[in-house]
**Q** 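The structure is given below, and queries will be raised subsequently.
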Protein chains: 2
Amino acid sequence: LIELRDVTKTYEMGKHEVHALRGVSFSIEQGDYLAVMGPSGSGKSTVMNIMGCLDRPSEGTYLLDGQDVTKLSDVELARIRNQRVGFVFQTFNLLPRTTAQENVELPLVYSPRPGNRRERARKALVAVGLGDRLTHKSNELSGGEQQRVAIARAIVNEPSIILADEPTGNLDSKAGIEIMKLFQRLNDSGITLLVVTHEQFIANHSRRIIRLYDGKIVEDFRVADR
Amino acid sequence: LIELRDVTKTYEMGKHEVHALRGVSFSIEQGDYLAVMGPSGSGKSTVMNIMGCLDRPSEGTYLLDGQDVTKLSDVELARIRNQRVGFVFQTFNLLPRTTAQENVELPLVYSPRPGNRRERARKALVAVGLGDRLTHKSNELSGGEQQRVAIARAIVNEPSIILADEPTGNLDSKAGIEIMKLFQRLNDSGITLLVVTHEQFIANHSRRIIRLYDGKIVEDFRVADR
Ligand SMILES: Nc1ncnc2c1ncn2[C@@H]1O[C@H](COP(=O)(O)OP(=O)(O)OP(=O)(O)O)[C@@H](O)[C@H]1O
Ligand SMILES: Nc1ncnc2c1ncn2[C@@H]1O[C@H](COP(=O)(O)OP(=O)(O)OP(=O)(O)O)[C@@H](O)[C@H]1O
Ligand SMILES: [Mg+2]
Ligand SMILES: [Mg+2]
């Protein structure tokens with residue numbers, strides 16, 4: 001499904017360069033469930049953004065379903081992203097003066113699914129425990145509630161791939177467990193799942209862990225049977 | 001130093017009310033080191049914002065050094081905030097097209113301290129491990145780096161009270177431990193510290209834990225000697 005070969009990402013900062021990714025290669029099958037771990041600044045969000053078609057590598061290849069995504073135009077990249085990928089951003093990226101329900105409806109505007117948009121959004125918010133927060137605007141929600149709106153928005157159009165960047169960083173253990181159960185249900189239904197996390201407890205819910213260090217992969221192993 | 005008596009916070013949402021705080025009372029001595037825990041939406045950020053003079057209670061009293069802060073004007077409240085409180089926001093609140101160093105210098109513009117502003121900002125960024133990221137703008141930093149800039153900004157003018165709302169939510173365990181060591185040094189020097197966290201490991205570094213549930217305090221106990 002996903003294949004990265006020798007992917008690098010370099011930022012030019014005037015006098016010096018930042019090598020966010022220094023040659024990353026791995027492949028992911030449909031239906032896989034991965035955790036991505038590593039220190040702050042090691043390149044996790046960068047590799048997630050490339051996989052989610054939000055960014056392009058500086059060098060290397062990204063094959064999605066065998067298609068070289070690096071060769072596509074911005075418009076084609078955006079179309080793939082809207083139709084196939086659900087992204088939970090590390091900093092949520094909700095529309096500010098917009099309600100929880102409107103934020104979650106947004107992906108359905110770009111990539112419609114059968115059924116009523118408002119009802120789909122409501123169900124996604126109920127699934128993350130926010131059934132009583134539908135009409136709150138983004139700035140009228142707690143940090144963990146905003147994080148859960150971002151999760152609901154990523155799942156509402158039933159994408160085939162979900163990329164979740166630190167989805168439980170602002171959640172207490174009980175709410176975090178609820179999200180893990182939700183992710184397990186989605187994976188059981190065939191959705192491919194990548195979760196960036198710094199918490200080993202969260203990573204242990206996945207079936208495979210990729211660990212980054214200074215822009216390189218230093219570990220890539222299957223989690224013991226559970 | 002800090003005394004809250006029967007503090008409530010209610011949001012009017014048209015047809016219904018949200019009771020974010022339902023009568024919270026506790027007191028804190030100078031030099032104390034507290035963790036504040038509780039489920040998502042239980043009122044932690046709300047009570048922190050009131051203590052940091054960023055918000056006012058709907059009812060009840062907030063005494064800071066014996067002075068009833070609820071009676072002050074917005075201008076007086078802002079002055080106390082700038083001079084006495086360092087706040088690490090749950091969503092960082094960095095200025096977007098501004099470098100790490102400029103963001104950290106900002107509190108020193110409003111409440112100058114002796115010495116060179118740029119040098120103080122640089123030292124605070126080195127203390128959180130970002131000595132090589134001074135010139136990166138906020139959007140050129142990883143999530144955990146942004147979080148650490150927010151921490152550096154909160155400590156740079158050596159406030160007497162630091163309120164940190166989920167300061168390690170985006171940090172790997174190693175970076176999180178570094179921040180806990182920094183907080184311990186600050187507390188050793190006499191600074192009063194309140195840390196909101198959902199991670200027990202982080203809470204165990206404090207000397208007292210206050211647990212919120214549905215806008216009320218349900219636990220308030222000293223951590224066993226360590
Ligand atoms: N401006 C607002 N208008 C209406 N409701 C609000 C507003 N701000 C916060 N709330 C509600 O008040 C409750 C408490 O919010 P608060 O931010 O204090 O929670 P919290 O304990 O910090 O949660 P988290 O762990 O998710 O950050 C939440 O349920 C939230 O929806
Ligand atoms: N636009 C940019 N310009 C320059 N450097 C950048 C830019 N974006 C990211 N970086 C740098 O690239 C490195 C990797 O960033 P990335 O966001 O992938 O890290 P991360 O592993 O997600 O970290 P965290 O756990 O803190 O979120 C960081 O050191 C960061 O400073
Ligand atoms: Mg990141
Ligand atoms: Mg909060």
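Letters A, B, ... are given to chains in the order of the sequence lines, protein chains preceding strands, and every chain is numbered from 1.
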**Q** Checking salt bridge (charged side-chain N to carboxylate O under 4.0 Å, His left out) for the pair Asp32(B)/Arg222(B): CA distance, chi angles, key distance, verdict?
**A** CA-CA 11 Å; Asp32(B) 234 344; Arg222(B) 293 265 152 212; 3.4 Å; yes
**Q** With heavy-atom distances below 4.5 Å as the criterion, would you say the side chains of Leu194(A) and Ile162(A) are in contact?
**A**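 Result no, sub-4.5 Å side-chain heavy-atom pair not found.
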**Q** Measure Gln147(A) against the heavy atoms of chain B and call it side chain, backbone, both or neither at under 4.5 Å.
**A**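 Contact with chain B is absent: no heavy atom of Gln147(A) under 4.5 Å.
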**Q** For chain B, which of Gly169(A), Gly176(A), Gly144(A) has the most heavy-atom pairs under 4.5 Å?
**A**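 When all of Gly169(A), Gly176(A), Gly144(A) are compared, Gly169(A) has the most.
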**Q** Are Arg81(A) and Asp74(A) close enough, and set up right, to give a salt bridge (charged side-chain N to carboxylate O under 4.0 Å, His left out), and what steps lead you there?
**A** CA-CA 10 Å; Arg81(A) 186 167 73 229; Asp74(A) 286 356; over 6 Å; no
**Q** Under the side chain to side chain donor-acceptor pair (under 3.5 Å) definition, can you give me all pairs with a residue in residues 41-52 of chain A, not counting sequence neighbours?
**A**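 Residue pairs passing side chain to side chain donor-acceptor pair (under 3.5 Å), neighbours aside: Ser45(A)-Gln90(A), Ser45(A)-Asp165(A).
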**Q** Using a cut-off of under 4.5 Å for heavy-atom pairs, which of Gly41(A), Ala175(A), Gly38(A) has the most such pairs with chain B?
**A**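 It is Gly41(A).
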**Q** Within the 4.5 Å heavy-atom criterion, are Leu125(A) and Arg133(A) side-chain neighbours or not?
**A**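 A side-chain contact under 4.5 Å is absent here.
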**Q** Under a 4.5 Å cut-off applied to non-hydrogen side-chain atoms, are Val195(B) and Val36(B) in contact?
**A**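 Counting from C-beta outward, Val195(B) and Val36(B) never come under 4.5 Å.
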**Q** A side-chain contact here means heavy atoms from C-beta on lying under 4.5 Å apart; do Pro167(A) and Phe183(A) qualify?
**A**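 When only atoms from C-beta onward are counted, Phe183(A) and Pro167(A) do touch, with a gap below 4.5 Å.
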**Q** Among the options Arg148(B), His136(B), Gln200(B), Met37(B), pick out the one with the most heavy-atom pairs lying under 4.5 Å from chain A.
**A**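 That would be His136(B).
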**Q** With the side chain counted from C-beta on, respond yes when Val104(B) and Val149(B) share a heavy-atom pair under 4.5 Å apart, and no when they do not.
**A**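 Touching, per the 4.5 Å side-chain cut-off.
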**Q** Among side-chain atoms of Asn103(B) and Ser138(B), is any donor-acceptor pair under 3.5 angstrom?
**A**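 Side chains of Asn103(B) and Ser138(B): pair found under 3.5 Å.
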**Q** Around atom OH of Tyr213(B), are there more than 12 heavy atoms from other residues, nucleotides or ligands closer than 6.0 Å?
**A**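 Check fails, neighbour count at 12 or below.
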**Q** Spell out the residues in residues 4-21 of chain A that have some non-hydrogen atom less than 4.5 Å away from a non-hydrogen atom of chain B, in order of number; otherwise answer 'none'.
**A**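 The stretch touches chain B at Met13(A), His16(A), Val18(A).
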**Q** Among Thr197(B), Asn170(B), Thr135(B), which has the most heavy-atom pairs under 4.5 Å with chain A?
**A**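 The option with the most such pairs is Asn170(B).
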**Q** Using a 4.5 angstrom heavy-atom cutoff, name the option from Ser142(A), Ser40(A), Gly143(A) with the most pairs to chain B.
**A**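 It is Ser40(A).
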**Q** Is it the backbone or the side chain of Glu199(A) that comes under 4.5 Å from a heavy atom of chain B, or both, or neither?
**A**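 Contact with chain B is through the side chain of Glu199(A) alone.
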**Q** Heavy-atom distance under 4.5 Å to chain B: side chain of Glu145(A), backbone, both or neither?
**A**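 Contact with chain B: backbone and side chain both.
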